[in-house]
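Given the structure is predicted, the values throughout are model-derived calculations rather than measurements.
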Amino acid sequence: MTSPAAAASRIIDQHGETMTLQRDGHTDLAVRGKRLAGGSVVSIGGTATQQGFDVKLSTTQLQASAWANKVPASTDSIVIAGRTRTILDVQPLKDGDDVAAYVLTVAG
């Protein structure tokens, strides 16, 4: 029987798109993610705004990476369709103690 965490990553791997997770001092990491429907306008100061939306990120490539900390962080950035996005928030989706996926709130 497949665990829910493995099933979630498999679905994102199959139906998501390739994105690049970037972290200072580390090699860029190709990951699979799925943009979630909806979105919002995020204020970045004064009258300036950016598009904000959520991305569900598979754990497969993170777990297989050489990165010591295999959890996305708000200090990382992610490139989606050639555009660098700022990660505003990271929420793990858990099945018991297993992380099935991460939901990133991004803007840019």
How many angstroms lie between [atom1] in [X] and [atom2] in [Y], if you round to the nearest 0.5 Å?
X: K34; Y: K56; atom1: NZ; atom2: NZ; value: 10.0 Å
X: L57; Y: Q91; atom1: CG; atom2: CD; value: 13.5 Å
X: L29; Y: W67; atom1: CG; atom2: CH2; value: 5.0 Å
X: E17; Y: I12; atom1: CD; atom2: CD1; value: 12.0 Å
X: S74; Y: D89; atom1: OG; atom2: CG; value: 8.0 Å

Which residues share a side-chain hydrogen bond (donor to acceptor under 3.5 Å, both in side chains) with T18, sequence neighbours left out: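 Per chain and number, T18 pairs via side-chain hydrogen bond (donor to acceptor under 3.5 Å, both in side chains) with R32.
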side-chain hydrogen bond (donor to acceptor under 3.5 Å, both in side chains) against R10, all qualifying residues, sequence neighbours excluded: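 Not a single residue meets the side-chain hydrogen bond (donor to acceptor under 3.5 Å, both in side chains) criterion with R10.
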From R85, Q22, M19, residue fulfilling side chain to side chain contact (heavy atoms under 4.5 Å, CB included) relative to V79: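 Going through the options one by one, the only one that passes is Q22.
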Distance-only donor-acceptor check, side chains T59 and S9, under 3.5 Å: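 Their side chains do contain a donor-acceptor pair, which is all the 3.5 Å distance test asks for.
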D13 side chain to S58 side chain, donor-acceptor N/O pair below 3.5 angstrom: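 Yes - a donor-acceptor pair under 3.5 Å links their side chains.
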Using a 3.5 Å cut-off and no angle test, enumerate the donor-acceptor pairs between side-chain atoms of residues 92-108 and protein atoms at least two apart in sequence or in another chain.
{"unit_1": "T105", "atom_1": "OG1", "unit_2": "D54", "atom_2": "OD1", "d": "2.9"}

L62 with I11, same ILVMFWY side-chain cluster at under 4.5 Å: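 Different clusters.
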For the student: nearest non-hydrogen atoms of V90 and I87, plus distance: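 Minimum heavy-atom contact is CG2-CG2, 3.7 Å.
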Closest heavy-atom pair and its distance - L21, P72: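 Looking at all heavy atoms of both residues, the closest pair is CD2-CB, 4.4 Å.
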Pair S77-T86, side chain to side chain contact (heavy atoms under 4.5 Å, CB included): steps then yes or no: CA-CA 5 Å; S77 59; T86 300; 5.9 Å; no
